[in-house]
Amino acid sequence: MKEYPGGYSLLRVYEGGYMVNFYKTRAEDARRWSSTTRGEYFGLLPDYTLGTFADRNHVVARDFSGLS
């Protein structure tokens, strides 16, 4: 939560690959904490952690059949 302002990601792994989905936080305490910690790393954190919608929500096809 602290390192990615305003939300969290879920990683779902399937036989044919994986999917990442980003969700915005809705609780007022979590949103307040995000705004408090946004200035970390000399104020540069928002510049390199915020990405596009596609950066935070995507599907990757992979063959996991060789994993045991």
Side-chain angles (χ1 to χ4, degrees):
M1 170 66 177
K2 179 177 78 62
E3 301 301 338
Y4 206 134
Y8 59 95
S9 292
L10 291 181
L11 172 67
R12 295 176 177 97
V13 180
Y14 300 96
E15 289 179 8
Y18 63 90
M19 177 172 56
V20 177
N21 293 108
F22 178 77
Y23 296 91
K24 297 282 288 172
T25 53
R26 295 185 183 179
E28 187 57 37
D29 288 341
R31 295 173 81 183
R32 190 171 22 259
W33 179 250
S34 290
S35 109
T36 300
T37 60
R38 191 174 298 262
E40 288 187 9
Y41 305 106
F42 305 108
L44 300 173
L45 184 69
D47 294 333
Y48 70 87
T49 57
L50 298 176
T52 67
F53 182 81
D55 291 334
R56 293 178 278 165
N57 298 281
H58 54 276
V59 175
V60 177
R62 289 284 189 270
D63 179 11
F64 292 133
S65 63
L67 298 177
S68 56

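The ring pair (Phe, Tyr, Trp, His ring centres under 6.0 Å) test applied to Tyr23 returns Tyr8, not counting sequence neighbours. Take Arg62 and apply the salt bridge (Lys or Arg N to Asp or Glu O under 4.0 Å) test, not counting sequence neighbours, and it matches no residue. Partners of Glu15 according to the salt bridge (Lys or Arg N to Asp or Glu O under 4.0 Å) rule, which considers only residues two or more places apart in sequence or in another chain, do not exist here. With sequence neighbours excluded, the residues forming a side chain to side chain contact (heavy atoms under 4.5 Å, CB included) with Leu67 are Phe64, listed by chain and number.
Residues Asn21 and Asn57 approach most closely at CA-OD1, 3.3 Å, considering heavy atoms.
Taking hydrophobic clusters as Ile, Leu, Val, Met, Phe, Trp and Tyr residues chained together by side-chain heavy-atom distances below 4.5 Å, Val20 shares a cluster with Val60.
Listed by chain and number, the hydrophobic cluster partners of Tyr14 are Met19, Val59, where partners are ILVMFWY side chains within reach of under 4.5 Å, directly or through others.
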